[in-house]
Structures are given as structure tokens and as C-alpha cells.
Amino acid sequence: MSQPHTPPPVPPRIPPRPVEDWTDEVDQAFAALRAHGPAGQPAPPDGPAARPRANILGIYAWHPALARAWLPFSNHLRHSTLSDRIREMAIIRATWLGFGEYEWAQHVRMSRAAGCLTDAEIDALAEGPGAAAWAAGDAAVVRAVDELCTAKNVSDGTWHDLAAQFSRQQLIDFVFTVATYDMHCTAFNALGLELEAGMTGFPDHHRRTPVE
């Protein structure tokens with residue numbers, strides 16, 4: 001299992017925007033998050049104390065126009081035609097391959113909390129499609145993630161295996177989910193997104209050496 005580690009002491013290229021510095025435009029951009037929250041719950045109170053303090057949102061807060069355009073698509077991926085289990089398998093494997101430590105840590109935690117993946121399956125996602133934990137259908141899912149993240153395509157054989165278990169809408173959602181989180185890895189590694197206190201990141205052997 002992965003062990004907590006201390007991130008290298010290098011300042012992020014773009015640090016999270018302090019919530020006290022957010023403008024009305026930023027708050028309005030993040031309204032998409034509230035719109036997809038649990039139905040029937042009252043609106044959260046206004047003010048800095050009520051604003052989400054996740055580092056990833058703090059980066060988006062510097063660019064409210066981007067956040068306003070991006071978050072509805074992100075919400076679609078979260079609530080797409082894929083099951084929670086398949087979605088999290090795709091995200092955890094893609095972020096492992098792309099060294100997207102923040103997203104990997106976040107989705108490992110979410111998957112455990114929701115009970116959609118076991119610890120053995122999370123370990124198998126680090127190993128790959130050949131892990132003994134996978135049945136044939138699951139191995140095809142992991143193999144497809146590997147092909148999308150490395151070859152930027154899916155082989156005919158792997159596609160046939162995916163099509164045997166997913167609808168056309170699910171296939172489209174799957175490809176867009178993997179491609180999006182592969183892009184997240186590139187974008188947030190370049191911007192210097194850091195883990196938050198208490199997050200369990202990659203095991204030391206999987207940490208990438210910073211680019212000089």
C-alpha cells in the first residue's frame with residue numbers, strides 16, 4: 001500500500017488563490033459545483049469561510065472564465081453513464097500513469113470511502129492490466145486506459161472487449177474520462193498543484209524527478 005510522503009520543498013508555479021481574495025465572479029463560477037450537490041439541501045452560507053479550500057479549486061479561482069466553462073463538463077464526467085467503479089478505475093489508472101499525484105490521491109480516497117474499489121483493486125491499478133486481481137472485463141478496461149495514455153488510441157482488440165460490456169454512450173464517456181484525466185496530469189504537473197495536508201500521495205518509488 002502507498003505510504004504518505006513529504007512533497008519536495010519547491011513552491012508551486014501557480015499557488016492556490018486565497019479564498020479571502022476571491023471575487024463575486026469566482027463565486028459565481030463555482031456555482032456549478034453547488035448546482036450538482038445533493039438535492040433539497042439549503043444553499044451554503046456566503047463568505048470566505050464557506051468557500052472550498054481544495055488546492056485544485058484555488059488554481060481555478062485565478063481564472064473564473066475557465067472555471068465557469070470547465071466545471072459543467074467536469075460534473076458530467078462525475079455523473080456520466082459509467083458506473084462509479086469503472087469511472088474510478090479509469091481515473092486512478094490514468095493518473096498513476098501520468099504522475100498526477102493530487103488527482104490520484106483524491107480519487108483513491110474517494111473510492112475507498114464509497115466502497116467502489118477494494119485496497120487490492122487499487123494496488124492492482126498500480127500494477128496494470130496483467131494483475132491477477134482482474135477478471136477479463138476489468139483487465140480490458142485497464143488495458144484500454146494504458147493504450148489511451150501511451151498510444152493515444154485504443155487497439156481494435158481492446159475496443160472489441162470494451163464494446164462487449166459497454167453501450168456506445170458509455171464508450172464515449174470512458175474515452176473522454178481517460179483523456180481528460182490524462183490532460184489533468186499534464187496541466188497540473190506544469191502548474192505545480194500540491195497535495196493538501198493529510199493527503200496520502202504516491203509511494204516513494206513512483207515519484208517523478210522534477211524537470212530541471
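Basis for what follows: all heavy atoms, side chains included, without hydrogens, waters or symmetry-related copies. Numbers for residues simply follow the sequence, beginning at 1.
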In Å and rounded to the nearest 0.5 Å, what is the OG1 to CZ distance from Thr118 to Arg85?
8.0 Å
Restricting to non-hydrogen atoms, name the atom on Pro129 and the atom on Asp146 that form the minimum distance, rounded to 0.1 Å.
CD-OD2, 3.3 Å
If the plane angle is over 60° it's perpendicular, under 30° parallel, otherwise tilted; pick one for Tyr181 and His107.
perpendicular
Among Glu147, Arg143, His160, exactly one meets side chain to side chain donor-acceptor pair (under 3.5 Å) together with Ser155. Which residue is that?
Glu147
Other residues, nucleotides, ligands: >12 heavy atoms within 6.0 Å of Gln169 CD
no
For a quick test of reading the model, state the closest non-hydrogen atom pair linking Cys185 to Gly98 and the distance between them.
CB-O, 3.3 Å
Just by modelled atom types, is the Leu148 backbone N or O under 3.5 Å from a matching donor or acceptor in the Asp182 side chain?
no
Which distance, rounded to the nearest 0.5 Å, do you find between the CD of Glu101 and the CG of Leu193?
9.5 Å
Does Glu25 reach the main-chain N or O of Pro64 with its side chain, forming a donor-acceptor pair under 3.5 Å?
no
Ring pair (Phe, Tyr, Trp, His ring centres under 6.0 Å) partners for Phe73, two or more places apart:
Trp70
Can you tell me how far apart CG (Leu171) and CZ (Arg168) are? Round to the nearest 0.5 Å.
9.0 Å
Could you pull out all residues at least two apart from Phe188 that satisfy ring pair (Phe, Tyr, Trp, His ring centres under 6.0 Å)?
Tyr60, His184
Minimum heavy-atom distance Glu121-Cys116, with the two atoms named:
OE1-O, 4.2 Å
So Asp138 and Met89, do their side chains get closer than 4.5 Å, heavy atoms only?
yes
Heavy-atom check, side chain of Arg17 versus side chain of Thr23, under 4.5 Å:
yes
For the side chain of Glu196 and the backbone of Asn55, is there at least one donor-acceptor N/O pair under 3.5 Å apart?
yes
SB check Asp84 Arg87 (cutoff 4.0 Å)
yes
Atom CD1 in Ile14, atom NE2 in His63: separation rounded to 0.5 Å?
9.5 Å
Which pair of heavy atoms, one from Ala133 and one from Ala124, lies closest together, and at what distance?
CB-CB, 3.8 Å
Side chains of Phe174 and Val141 in contact at under 4.5 Å (non-hydrogen atoms)
yes
When you measure from the side chain of Arg93 to the backbone N and O of Val145, does any donor-acceptor pair fall under 3.5 Å?
no
I want to check something: taking the side chain as every heavy atom from C-beta on, are Arg13 and Leu191 in contact at a cut-off of under 4.5 Å?
no
Under a single-linkage definition using a 4.5 Å side-chain heavy-atom cutoff for Ile, Leu, Val, Met, Phe, Trp and Tyr, are Leu77 and Tyr102 assigned to the same hydrophobic cluster?
yes
Could you state the interatomic distance from CE (Met199) to CH2 (Trp104), rounded to the nearest 0.5 Å?
10.0 Å
Got Trp62 and Asp21 here, is their nearest side-chain heavy-atom distance under 4.5 Å?
yes
Heavy-atom side-chain contact between Arg68 and Gln28 under 4.5 Å:
no
Run the ring pair (Phe, Tyr, Trp, His ring centres under 6.0 Å) test against Trp22 and tell me which residues pass, sequence neighbours left out.
Phe30
Return the CD to CD1 distance between Glu103 and Ile92, rounded to the nearest 0.5 Å.
11.0 Å
Where Ala140 and Asp161 come nearest, the two heavy atoms and their spacing
CB-CB, 3.6 Å
I want to check something: taking the side chain as every heavy atom from C-beta on, are Val108 and Thr200 in contact at a cut-off of under 4.5 Å?
no
Heavy-atom side-chain proximity of Trp134 to Leu125 below 4.5 angstrom
yes
Looking at Asp173 and Ser80, what are the two nearest heavy atoms and their distance?
OD2-CB, 3.4 Å
